[in-house]
Amino acid sequence: MTTREVEHEITVAATAKEVYRLLAEVENWPRLFPPNVYVEYLEREGDRERIRIWATANGEAKNWTSRRDLDPEALRITFRQEVSSPPIAEMSGTWVIEPLGPEETRLRLLHSYRAVDDDPESLAWIDEAVDSNSRAELPSLKAGLEEAARTAELTLSFTDSVRVEGSAKDLYDFVNEADRWVERLPHVGTVKLTEDTPGLQVLRMDTVAKDGSTHTTESVRVCFPHRRIAYKQTTLPALMTLHTGTWQFEEGDDGVVTASSQHTVVVNAENITRILGPDADVEQARKFLRDALGTNSRATLEHAKRYAEARR
């Protein structure tokens with residue numbers, strides 16, 4: 001068997017501990033890796049974990065499962081694809097985080113892999129894919145790590161919830177059936193929903209603001225009947241550089257369902273004054289986005305609540 005081992009590296013302007021933390025906490029991945037839409041933990045035991053990753057590739061949403069071993073002392077994270085897709089027979093790797101100074105880190109990405117049947121042409125194809133993907137991934141990862149490390153004030157997370165005397169399934173259906181939002185939600189102008197693979201959706205829509213202006217967004221959504229829908233916007237309004245979120249439906253012991261809408265947003269600081277006026281600052285941008293996104297979320301939740309309670 002021919003096993004290939006390759007290495008790529010980049011220097012990041014952030015502390016080694018911060019780089020390790022951001023990579024170790026998979027909830028950060030949609031921010032750090034542009035193709036990543038959503039990551040969930042399947043198993044966690046100490047420093048070992050099994051995760052499922054959803055990401056876009058050539059305009060389509062794909063998912064796979066990996067196992068990871070975390071070593072916070074050595075600042076290393078090893079990973080292995082649980083099931084590799086041909087022509088890859090096996091793929092594993094390691095993130096190695098090395099401090100170069102107080103605010104500078106060398107980030108090394110190691111890959112180890114082999115081809116199905118040791119086919120030379122397949123191995124050459126994997127060589128090229130790993131090299132091109134790593135060369136494309138590391139600069140965007142560097143940018144994401146540096147932004148996340150220095151711009152905590154630009155990051156905003158919040159949740160809106162309602163209690164519903166109806167079923168989680170009906171609430172889920174209301175949010176899942178986004179192709180019917182034009183008739184169901186007054187703040188939605190147009191919608192295009194594509195679902196080539198069950199549970200993986202691309203949602204493009206025009207949202208109508210209070211002032212009558214419209215904003216076009218596109219999201220990739222990962223759907224988990226009948227409990228959760230996670231999404232990442234791939235076409236964003238100008239005031240954001242990131243927008244991810246989840247719709248969650250949890251039934252309590254009393255039979256009442258809590259329906260929640262959670263958002264994580266990163267403010268686009270360069271566009272604040274252009275959009276909100278010459279005197280606007282980060283705090284005003286945070287408030288504006290909290291109000292705008294929260295208003296739409298609460299409206300959707302209230303319409304979903306009425307829909308579900310009418311079907312009790």
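Values below: every heavy atom of this structure, side chains too, minus hydrogens, waters and symmetry copies.
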Hey, quick one: are [X] and [Y] part of the same hydrophobic cluster, counting side-chain heavy atoms closer than 4.5 Å, chains of contacts allowed?
X    : Y    : result
V208 : V182 : no
L154 : L293 : yes
V266 : F158 : yes
W247 : V256 : no
V26  : V37  : no

Can you confirm whether [X] sits close enough to [Y] that some side-chain heavy atom of one is under 4.5 Å from a side-chain heavy atom of the other?
X    : Y    : result
Y38  : V220 : no
D71  : I77  : no
L239 : L289 : yes
V222 : Y231 : no
L242 : Q233 : no
I10  : V12  : yes
D69  : D47  : no
F79  : T94  : no

Between [X] and [Y], is there a donor-acceptor pair closer than 3.5 Å when you use the side chain of the first and the backbone of the second?
X    : Y    : result
N268 : E270 : yes
N271 : R274 : no
N176 : Y172 : no
R31  : T264 : no
S140 : E137 : yes
E45  : E49  : no
K232 : S219 : no
T105 : A14  : yes
W181 : F174 : yes

Check the pair L123, E121 against side-chain contact (heavy atoms from CB on, under 4.5 Å), reporting the backbone distance first and the verdict last.
-> CA-CA 5 Å; L123 187 59; E121 289 188 10; over 6 Å; no
May I ask you to check if R286 and F288 form a cation-pi contact, with NZ or CZ under 6.0 angstrom from the six-membered ring centre and within 45° of the axis?
->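 So R286 doesn't make the cation-pi contact.
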Is a salt bridge present between [X] and [Y], judged by a nitrogen-to-oxygen distance below 4.0 Å?
X    : Y    : result
R312 : E309 : no
R184 : E177 : yes
E183 : R180 : yes
R48  : E43  : no
R290 : D160 : yes
D170 : R306 : no
R298 : E302 : no
D173 : K169 : yes
E82  : R50  : yes
E165 : K305 : no

Does R227 have any salt bridge (Lys or Arg N to Asp or Glu O under 4.0 Å) partners at least two apart in sequence or in another chain, and if so, which?
->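 Listed in chain order: nothing, the list is empty.
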May I have the step-by-step check of salt bridge (Lys or Arg N to Asp or Glu O under 4.0 Å) for E40 and R228, ending in yes or no?
-> CA-CA 12 Å; E40 73 167 348; R228 184 188 311 128; 3.6 Å; yes
Say you draw a straight line from [atom1] of [X] to [atom2] of [Y]; how long is it, rounded to the nearest 0.5 Å?
X    : Y    : atom1 : atom2 : result
E146 : L141 : CD    : CG    : 9.5 Å
S260 : Q248 : OG    : CD    : 7.0 Å
T11  : R108 : OG1   : CZ    : 12.0 Å
R21  : L145 : CZ    : CG    : 10.0 Å
N296 : H187 : CG    : NE2   : 4.0 Å
Y307 : T300 : OH    : OG1   : 14.5 Å

Nearest atoms (heavy-atom pairs only) where [X] meets [Y]:
X    : Y    : value
I97  : A16  : CG2-O, 3.5 Å
S167 : V257 : C-CG2, 4.2 Å
A115 : S122 : CB-CB, 3.8 Å
S161 : T159 : OG-CG2, 3.8 Å
A24  : R68  : O-NH2, 2.6 Å

From the options L22, L23, T15, select the one residue that forms a side chain to side chain contact (heavy atoms under 4.5 Å, CB included) with V19.
->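 The side chain to side chain contact (heavy atoms under 4.5 Å, CB included) with V19 is passed solely by L23 among L22, L23, T15.
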side-chain contact (heavy atoms from CB on, under 4.5 Å) assessment of I53 paired with S66 | CA-CA 8 Å; I53 304 152; S66 286; 4.2 Å; yes
Taking E9 as the fixed residue, which of K142, R135, R106 is the one that meets the salt bridge (Lys or Arg N to Asp or Glu O under 4.0 Å) rule?
->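 For E9, the salt bridge (Lys or Arg N to Asp or Glu O under 4.0 Å) check succeeds only for R106.
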Going through the checks in order, is the side chain to side chain donor-acceptor pair (under 3.5 Å) test met by S84 and Q81?
-> CA-CA 6 Å; S84 297; Q81 287 185 0; 3.0 Å; yes
Test side-chain contact (heavy atoms from CB on, under 4.5 Å) on R76 and L70 and set out the steps.
-> CA-CA 6 Å; R76 295 170 70 97; L70 308 178; over 6 Å; no
In terms of ring plane angle, is the pair [X] and [Y] parallel, tilted or perpendicular, where the classes change at 30° and 60°?
X    : Y    : answer
F224 : W54  : perpendicular
H263 : H243 : parallel
H8   : H111 : perpendicular

Kindly indicate, with the supporting measurements, whether the criterion side-chain contact (heavy atoms from CB on, under 4.5 Å) is fulfilled by L42 and T65.
-> CA-CA 9 Å; L42 300 177; T65 303; 3.8 Å; yes
Which residue, T3, D127, T2, forms the side-chain hydrogen bond (donor to acceptor under 3.5 Å, both in side chains) with Y113?
->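 Running side-chain hydrogen bond (donor to acceptor under 3.5 Å, both in side chains) over T3, D127, T2 with Y113 returns exactly one hit, D127.
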Decide if atom CG of D291 counts as having more than 12 heavy atoms of other residues, nucleotides or ligands within a radius under 6.0 Å.
->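 Counting neighbours around CG of D291, more than 12 heavy atoms of other residues, nucleotides or ligands fall under 6.0 Å, so yes.
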